[in-house]
Each structure stands twice: as structure tokens, then as C-alpha cells.
Participant: 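My structure is below; once you've seen it, I'll send some questions.
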Amino acid sequence: MKNTLLTTLSLGILSLLVSCSKQRADLLIYNANIYTVDASFSMVEAMAVRDGKIIETGAAANLESHYSFLEKLDAGGKYIYPGFIDAHAHFVGYALNLLRVNLVGTTSWEQILEKLQTFSKENPTGWILGEGWDQNDWENKNYPDLTSLNQLFPDRPVLLTRIDGHAAIANQKAVSLAGITGKERIIGGEVVVSKGKPTGILIDNAVEIVNKIIPPTNDDDFRKAILKAQQNCLAVGLTTIDDCGLDAPVVEKIKQLQDLDSLRIRLYVMLSDKPDNYTYAEKNGKLITDRLTVRSFKVYGDGALGSRGACLLKDYTDRPGHLGFLLSNPAHFDSVANWCAKWGWQMNTHAIGDSGNRTILNTYARYLKKEDNLRWRIEHAQVVNPNDLNYFGQYQIIPSVQPTHATSDMYWAEKRLGNERIEHAYAYQTLLKQNGWIPLGTDFPVEDISPFKTFYAAVTRQDATGWPENGFQKKEALSREEALRGMTIWAARANFEETKKGSLEKGKWADFIILDKDLMKASPAELLQINTLSTYINGVKVHAAAQ
């Protein structure tokens with residue numbers, strides 16, 4: 001009996017000593033298929049988290065032998081990936097759109113008018129604002145005019161923005177309040193007129209004439225919209241979003257929500273190309289916190305292809321005599337590049353057409369040295385002349401692309417560009433080869449917020465019905481590994497954040513998602529059916545799918 005007690009006591013002491021020798025950890029995730037997205041694209045079965053960061057990955061038994069855990073999560077054999085990073089989106093714009101008439105997917109002008117009447121009954125005062133129409137989806141693909149809007153809303157201003165944000169239609173009340181006469185000559189924009197009078201159609205910079213007189217959203221509505229947008233983004237596995245173009249006062253509102261711990265999602269904010277924002281940047285410097293980074297400027301080089309505002313080297317095939325236009329004089333782009341080089345900020349410029357891309361690439365080349373790693377970006381890089389491709393690799397310029405643009409535009413892009421130029425459009429594999437990496441985004445709300453649609457478009461180059469059968473310019477498709485890297489580690493790298501996030505490795509934030517299917521092995525049809533079961537930021541669950 002005495003020996004038995006001694007043995008029991010010894011084992012207890014030994015167990016206590018072993019337990020005390022273990023390091024404390026907060027969370028063990030085990031029984032999982034974890035894609036680390038590290039340099040070797042390795043997989044592990046378990047991951048340990050402490051203080052919001054990954055402290056080790058590997059076999060569950062090995063982790064349990066070294067750590068004592070406050071909580072353990074059995075993943076049930078599900079698939080874990082780094083949290084998705086959207087390298088190009090408009091988070092605040094998407095949020096504010098939740099307060100407006102959603103016109104995405106409308107198939108006719110008449111359907112839009114019906115939606116506006118319903119909205120006006122539910123919201124009887126103030127401006128009527130809508131977002132998301134695309135005349136290319138209508139049987140009659142011509143722009144409408146303001147006649148019907150005037151009849152329905154003679155006393156309420158209306159502004160309906162096209163899906164790409166580069167065109168809008170306003171009614172006479174909005175046109176009059178903005179002081180538009182039709183005689184304006186606008187750099188980088190156009191007030192479309194007929195018989196000397198505005199038709200209501202505004203292109204690119206002309207839209208801003210109306211936008212700037214719209215009353216601002218009150219703080220309570222702003223907060224509600226932002227939190228709803230966050231909920232929607234977390235539900236599809238997004239843990240970091242690049243918001244491409246905000247003004248300083250909006251950044252301050254974002255900071256307040258994050259300080260209150262209401263806004264958990266991480267944001268990489270690009271300031272808009274406006275004088276007040278440069279003053280703000282010079283005064284405050286770069287802002288780099290765990291949740292918010294502000295160290296770059298978003299500049300608009302040209303317009304969009306859908307509204308024929310993208311700047312081309314040769315005429316639009318479906319509109320002879322029209323080249324599109326730059327949204328600012330080349331001297332302005334040069335002045336921004338000079339400022340960014342002087343102050344050490346990242347310059348990220350929207351460029352769609354081959355002339356727009358050439359202008360911006362040449363501007364960058366005047367300030368970048370071959371050994372620089374300033375990570376200046378071209379946002380979209382949709383149509384690049386083959387003679388200009390070498391700029392990306394020579395000066396380490398990052399092409400930041402959105403794969404769903406290719407599959408949204410493929411129905412009509414060749415009509416705009418012709419069969420020769422289309423071969424050099426949406427050329428993601430070609431662009432990838434320039435630097436060996438490429439960040440991917442959605443451009444929501446121009447496109448859907450779903451990163452699964454980004455992944456699907458990148459690897460299949462097809463729409464949701466599987467058209468075209470062999471894929472749109474399939475040679476430019478990305479592999480599944482390339483697409484996943486583009487939505488994680490390469491997107492982090494485009495933000496100077498690859499040492500903090502983008503892969504599930506020791507020392508990085510524990511931002512990860514659990515999916516019900518394997519992105520790497522799911523059939524093309526299954527890719528669009530994948531569900532995010534849960535989303536974690538800093539090792540804390542911030543979203544769980546309804547059971």
C-alpha cells in the first residue's frame with residue numbers, strides 16, 4: 001500500500017512538473033487540413049495560437065506536448081486557409097451603397113424605374129441615390145436620358161451611378177442643383193448633351209460635379225452601414241480589405257470605430273488624390289496599426305472600358321474617332337509621383353486602357369530605380385501594350401488585378417478593342433511573369449464581394465454557367481496555387497504586410513478561415529458553392545455560419 005501511494009504521488013508530481021514545463025497557449029486548432037501558404041505551400045494538421053498570433057504549426061501531438069491550451073478546436077477534418085485579403089475594393093463605398101437603391105443585375109431601364117419608385121415610397125424625402133446599373137446587360141444597350149426620371153421625380157434630385165463608378169445618370173433637379181448647363185468642358189470627363197441640353201448622362205469627372213453637392217451621411221447611418229458591410233465581408237472569409245480611395249475625415253471615422261472595437265476587420269486604406277489629403281498625410285505621416293494602415297495614395301489615370309472612358313492608343317473599334325481620355329493632365333500624375341517619391345508613400349494608380357497604362361508606367365519609370373522596392377502599383381492593368389510590359393518587371397511595379405473583371409467584360413470587350421488588342425487584355429498570367437507574383441482583388445461593389453468568385457474567375461476564365469467552354473483567353477488563367485497566393489500572401493506583400501499576415505506561419509497574426517470544401521480540389525462548379533464556416537481574426541472567431 002505504501003509503495004502504491006508513493007508511486008501515485010510520484011506520478012502526480014511528475015505530471016505537475018510536465019504541465020508546469022509546458023508553455024501557455026490560447027488556442028489549439030487540430031484535426032484540420034491547414035494550407036499554410038508558406039514558401040513551399042505546405043500543409044499541416046494543427047496550429048497553436050497565443051496572444052492573437054501563431055506560435056507553431058505541425059502535428060497536434062507535438063503541439064500538445066509543448067503547450068497547455070485554454071481552448072481546443074476540433075476542425076472536423078475541414079479546410080483552413082489564411083484569411084482572404086482583397087487587394088482592391090471600396091469597402092466604405094460598398095457600405096454606403098447598402099443605404100441606396102441596389103441596381104446591380106437590372107436588365108432594363110424600366111426595371112430600374114420600378115425599383116426607384118419602390119425606394120421612394122419607403123424613403124419619402126431627400127436624394128434618391130442608386131448604384132450598379134450596366135447598360136451592357138440590357139437588350140437596348142444605349143444610355144437612357146433623364147426624361148423618365150424627370151416625370152417620376154420632378155422635385156427630388158436623383159443620381160444613379162453606373163456599376164464601375166465611371167458614369168452616372170442624373171435627373172433635371174440634380175443637374176440644376178449642380179449648376180450643369182451642358183456647356184462645361186471638363187478634363188477627364190464629359191457632360192453628354194443632345195440638342196444643346198444635358199441628357200443626364202455624366203462620364204467620369206463630370207459625375208463629381210453632382211457628387212460633391214450630395215449631403216453627407218450622418219454618423220449613425222455611417223456606423224450602421226460600416227458594421228453591416230463588415231458582417232457581409234467576414235461571412236465570405238475576408239479578413240483584410242484594401243479600400244482604394246478615401247478622404248481623411250472618413251479615415252478618422254474608421255479609426256474611431258476601430259478604437260471602440262466595433263470594427264474588427266483590417267483595412268489597408270489608400271487616400272484619394274485630393275489636396276486636403278496630401279496636407280493630412282504631410283501633417284500626420286504614415287499610419288500603421290494592427291488593424292489600419294494608411295501609407296498610399298489612389299490616383300485615377302483614365303476611365304473604364306465599359307463606358308468608353310479608358311484611354312486607348314488607337315480608336316475604340318465600336319466608336320471610331322474616340323480614344324477615351326486621361327482623367328488628369330500627365331503633369332498632374334508626375335507631380336503626384338514626385339510627392340510620393342519625396343515623402344516615401346506608395347502610389348497606386350487606376351489604369352485601364354493601353355494609353356492610360358503607358359502614361360502611368362512612363363511616369364513611374366521617371367522616379368523608380370531598378371533596385372527600388374517601393375511597390376508602386378497599377379490598379380487593373382486591363383489593356384497593356386506588349387511594348388510596355390517590361391516596365392513592370394524592370395521597375396518592380398505591381399499589377400493589381402481583379403479576375404472577375406475579365407469574366408464580366410468578356411461578352412463585349414472585343415467589340416471595344418478589336419481582335420488584336422483583346423489578345424493583350426486581362427493578361428494575368430503574362431503580368432504574373434513580370435515579377436513572379438500578382439495580388440488579386442474584387443473591386444467590390446463594382447463586382448460581387450465574394451473572393452470565391454475571384455478564385456473561380458482566375459482559374460477557369462468562365463462565367464457561372466461554364467461559358468465559354470474552353471475559357472476566355474484560357475492561356476492567361478492562373479493556377480489554383482497562384483490564385484490562392486494572389487488572395488493571401490501576394491496581396492499582403494502588395495501592402496508591405498507579408499511579415500504579418502497572408503500565410504499561417506509562426507509569428508504572424510492568426511487570421512484564418514474554415515471552409516467546408518477544399519479550394520485546391522473542388523470541381524469548378526463546386527468552387528462557387530463553397531461556404532465559409534467560420535472566420536477568425538487574431539485567433540478570435542468573428543463570424544460563424546448559421547447552422
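These figures come from a predicted structure and were not determined experimentally. Values below: every heavy atom of this structure, side chains too, minus hydrogens, waters and symmetry copies.
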Participant: Heavy-atom count check: over 12 atoms from other residues, nucleotides or ligands less than 6.0 Å from Lys228 NZ?
Facilitator: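 For Lys228, atom NZ is not crowded (no more than 12 foreign heavy atoms under 6.0 Å).
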
Participant: I'd like to check Arg50 versus Asp26 (side-chain heavy atoms, cut-off strictly below 4.5 Å). Are they in contact?
Facilitator: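 Yes, their side chains come closer than 4.5 Å.
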
Participant: Quick one about Glu208 and Asn211 (side-chain donor to acceptor, distance below 3.5 Å, no hydrogens or angles considered), yes or no?
Facilitator: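 Yes.
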
Participant: Got a sec: does the CD1 of Ile288 have more than 12 other heavy atoms crowding it under 6.0 Å?
Facilitator: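 More than 12 heavy atoms, drawn from other residues, nucleotides or ligands, come within 6.0 Å of this atom.
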
Participant: Does a salt bridge link Arg162 with Asp164, judged by any charged N lying under 4.0 Å from a carboxylate O?
Facilitator: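 Salt bridge between Arg162 and Asp164, a charged N being under 4.0 Å from a carboxylate O: yes.
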
Participant: Measuring only between side-chain heavy atoms, which start at C-beta, is Arg375 closer than 4.5 Å to Asn373?
Facilitator: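 Yes, close enough: below the 4.5 Å cut-off.
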
Participant: Is the shortest side-chain heavy-atom distance between Leu292 and Leu263 below 4.5 Å?
Facilitator: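 A side-chain contact under 4.5 Å is absent here.
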
Participant: List the atom of Trp376, the atom of Ala341, and the distance in Å for their closest heavy-atom pair.
Facilitator: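 In this case the closest contact between Trp376 and Ala341 is CZ2-N, 3.8 Å.
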
Participant: Under 3.5 Å, is there a donor on one side chain and an acceptor on the other for Asn232 and Tyr94?
Facilitator: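 The answer is yes; a qualifying pair exists.
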
Participant: Could you note down all residue pairs passing salt bridge (Lys or Arg N to Asp or Glu O under 4.0 Å) where residues 86-105 supplies at least one of them, sequence neighbours left out?
Facilitator: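 Passing the test, one end in residues 86-105: Arg100-Glu131.
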
Participant: Report the distance from atom OG1 of Thr161 to atom CD1 of Ile169, rounding to the nearest 0.5 Å.
Facilitator: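 It is 11.0 Å, given to the nearest 0.5 Å.
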
Participant: Can you see whether Asp220 engages Asn218 through a side-chain donor-acceptor pair at a distance of less than 3.5 angstrom?
Facilitator: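 On atom types as modelled, these side chains do not qualify, holding no pair under 3.5 Å.
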
Participant: Donor-acceptor check, side chain of Asn205 to backbone of Leu327, threshold 3.5 angstrom: yes or no?
Facilitator: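 Present.
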
Participant: Would you say the ring centroid of Phe496 lies under 6.0 angstrom from that of Tyr268?
Facilitator: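 Here the rings of Tyr268 and Phe496 have centres that are no less than 6.0 Å from each other.
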
Participant: With a 4.5 Å heavy-atom cut-off, do Ile360 and Ile397 have their side chains touching?
Facilitator: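 No; the side chains remain at least 4.5 Å from each other.
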
Participant: Keeping Asn357 on the side-chain end and Val383 on the backbone end, is there a donor-acceptor pair under 3.5 Å?
Facilitator: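 It does hold such a pair.
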
Participant: Tell me, with the steps shown, if His350 and Asp302 meet side-chain contact (heavy atoms from CB on, under 4.5 Å).
Facilitator: CA-CA 7 Å; His350 163 118; Asp302 62 351; 3.5 Å; yes

Participant: Any side-chain donor paired with an acceptor under 3.5 Å for Glu282 and Trp339?
Facilitator: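 Their side chains do contain a donor-acceptor pair, which is all the 3.5 Å distance test asks for.
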
Participant: Taking the basic N atoms (NZ, or NE/NH1/NH2) and the acidic carboxylate oxygens, is any pair closer than 4.0 Å for Lys453 and Asp448?
Facilitator: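 Salt bridge present between Lys453 and Asp448.
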
Participant: Donor-acceptor pair, Asp247 side chain versus Pro249 backbone, under 3.5 Å?
Facilitator: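 No, because the side chain of Asp247 does not come within donor-acceptor range (under 3.5 Å) of the backbone of Pro249.
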
Participant: Does the side chain of Lys115 come under 3.5 Å of the side chain of Thr106 through a donor N or O and an acceptor N or O?
Facilitator: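 Thr106 and Lys115 do not have a side-chain donor-acceptor pair below 3.5 Å.
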
Participant: Do you know which two heavy atoms are closest between Ile378 and Ala351, and how far apart they sit?
Facilitator: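 Minimum heavy-atom separation between Ile378 and Ala351: CG2-CB, 3.9 Å.
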
Participant: Measuring from Ile180:CD1 to Gln172:CD, what's the distance to the nearest 0.5 Å?
Facilitator: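 It is 9.5 Å, given to the nearest 0.5 Å.
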
Participant: May I ask you to say whether Asp511 pairs ionically with Arg264, meaning some side-chain N is under 4.0 Å from a carboxylate O?
Facilitator: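 Answer for the salt bridge query: no.
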
Participant: For His405 and His88, run ring-ring contact (aromatic ring centres under 6.0 Å, His included): C-alpha distance rounded to whole Å, both residues' side-chain angles, the deciding distance at 0.1 Å, then the answer.
Facilitator: CA-CA 12 Å; His405 283 338; His88 184 109; 7.7 Å; no

Participant: Distance check, rounded to the nearest 0.5 Å: Gln117 atom CD versus Leu152 atom CG?
Facilitator: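 Between atom CD of Gln117 and atom CG of Leu152 there are 4.5 Å.
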
Participant: Does a donor on one side chain sit under 3.5 Å from an acceptor on the other, for Arg266 and Asn538?
Facilitator: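 Checked: Arg266/Asn538 side chains pair up, N/O donor to acceptor below 3.5 Å.
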
Participant: Leu202 and Val207: which non-hydrogen atoms are nearest, and at how many Å?
Facilitator: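 Leu202 and Val207 have their closest heavy atoms at O-CG2, 3.5 Å.
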
Participant: Salt bridge (charged side-chain N to carboxylate O under 4.0 Å, His left out) between Lys541 and Glu71: does it pass, once the steps are laid out?
Facilitator: CA-CA 12 Å; Lys541 186 186 293 185; Glu71 182 183 356; over 6 Å; no

Participant: Has Gln111 got a side-chain atom pairing as donor or acceptor with Gly105's backbone, closer than 3.5 angstrom?
Facilitator: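 Looks like no, no N/O pair under 3.5 Å.
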
Participant: Could you grab the distance from atom CZ of Phe91 to atom CD1 of Ile241, nearest 0.5 Å is fine?
Facilitator: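 These two atoms lie 5.0 Å from each other.
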
Participant: Would you please test Ser408 and Glu447 for side-chain contact (heavy atoms from CB on, under 4.5 Å) and show each step?
Facilitator: CA-CA 8 Å; Ser408 292; Glu447 302 281 359; 2.9 Å; yes

Participant: Within the structure provided, determine whether Tyr364 and Met347 are in side-chain contact (heavy-atom separation under 4.5 Å).
Facilitator: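 The answer is yes; the side chains approach within 4.5 Å.
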
Participant: Would the distance check show the side chain of Lys141 and the main-chain N or O of Trp138 forming a donor-acceptor pair, the cut-off being under 3.5 Å?
Facilitator: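 Flag set: sc Lys141 to bb Trp138 pair under 3.5 Å.
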
Participant: Only counting residues at least two apart or in another chain, list the ones meeting ring pair (Phe, Tyr, Trp, His ring centres under 6.0 Å) with Phe512.
Facilitator: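 Listed in chain order: Tyr536.
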
Participant: If you round to the nearest 0.5 Å, how far is CG of Asp463 from OG1 of Thr404?
Facilitator: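 Taking OG1 in Thr404 and CG in Asp463, the distance rounds to 12.5 Å.
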
Participant: Assess whether side-chain contact (heavy atoms from CB on, under 4.5 Å) is satisfied between Lys173 and Arg156, documenting all intermediate values.
Facilitator: CA-CA 6 Å; Lys173 183 67 174 180; Arg156 290 184 70 182; 5.9 Å; no

Participant: Got more than 12 heavy atoms from elsewhere within 6.0 Å of NZ, Lys53?
Facilitator: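 Atom NZ in Lys53 is not packed in, count stays at 12 or less.
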
Participant: How many angstroms lie between OG1 in Thr240 and CG in Asp243, if you round to the nearest 0.5 Å?
Facilitator: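 Interatomic distance, Thr240 OG1 to Asp243 CG, rounded to 0.5 Å: 12.5 Å.
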
Participant: Of the non-hydrogen atoms in Tyr81 and Leu484, which two are nearest, and what is the gap between them?
Facilitator: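 Nearest pair, atom of Tyr81 first, then Leu484: CD2-CD2, 3.7 Å.
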
Participant: Judged by atom type as modelled, is there a donor-acceptor pair below 3.5 Å linking the side chain of Arg295 to the main-chain atoms of Gln346?
Facilitator: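 Not confirmed, Arg295 side chain does not pair with Gln346 backbone.
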
Participant: Over all heavy atoms of both residues, which pair between Ile128 and Phe119 is shortest? Give the atoms and the distance, please.
Facilitator: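 So the two residues come closest at CG2-CD2, 4.1 Å.
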
Participant: Backbone N or O of Val158 within a donor-acceptor pair of the Asn171 side chain at under 3.5 Å?
Facilitator: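 Side chain of Asn171 to backbone of Val158: a pair is present.
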
Participant: Looking at Glu497 and Lys500, does any basic side-chain N land under 4.0 Å from a carboxylate oxygen?
Facilitator: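 Between Lys500 and Glu497 there is no salt bridge, as every charged N stays at least 4.0 Å from the carboxylate O atoms.
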
Participant: Does Trp133 reach the main-chain N or O of Leu160 with its side chain, forming a donor-acceptor pair under 3.5 Å?
Facilitator: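 Confirmed, Trp133 side chain pairs with Leu160 backbone.
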
Participant: Under 6.0 Å from the NZ atom of Lys121, do we count more than 12 heavy atoms belonging to anything else shown?
Facilitator: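 Incorrect, the count does not exceed 12.
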
Participant: Crowded around Asn284 CG? As in, over 12 foreign heavy atoms under 6.0 Å?
Facilitator: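 Yes, CG of Asn284 has more than 12 neighbouring heavy atoms, counting only those of other groups under 6.0 Å.
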
Participant: For a 4.5 angstrom cut-off between non-hydrogen side-chain atoms, does Lys298 reach Ser272?
Facilitator: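 Result no, sub-4.5 Å side-chain heavy-atom pair not found.
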
Participant: Say whether, by atom type as modelled, one donor and one acceptor occur between the side chain of Gln402 and the main chain of Ser400 under 3.5 angstrom.
Facilitator: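 Confirmed, Gln402 side chain pairs with Ser400 backbone.
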
Participant: Classify the side-chain pair Asp409/Tyr426 by whether it contains a donor and acceptor separated by less than 3.5 Å.
Facilitator: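 Yes, side-chain donor-acceptor contact under 3.5 Å.
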
Participant: Measuring only between side-chain heavy atoms, which start at C-beta, is Phe452 closer than 4.5 Å to Phe84?
Facilitator: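 Contact flag for Phe452/Phe84 side chains = yes.
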
Participant: Is any side-chain heavy atom of Thr349 less than 4.5 Å from a side-chain heavy atom of Val336?
Facilitator: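 Answer no - side chains too far apart.
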
Participant: For Gln529 and Leu527, indicate whether the former's side chain and the latter's backbone hold a donor-acceptor pair under 3.5 Å.
Facilitator: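 Looks like no, no N/O pair under 3.5 Å.
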
Participant: Testing the basics here: between Ile265 and Ile537, what is the closest heavy-atom pair and its distance to 0.1 Å?
Facilitator: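 Closest approach of Ile265 to Ile537, heavy atoms only: CA-CD1, 3.9 Å.
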
Participant: For Arg377 and Asp242: C-alpha separation, side-chain torsions, deciding distance, then whether side-chain contact (heavy atoms from CB on, under 4.5 Å) applies.
Facilitator: CA-CA 13 Å; Arg377 296 163 47 164; Asp242 290 18; 3.3 Å; yes

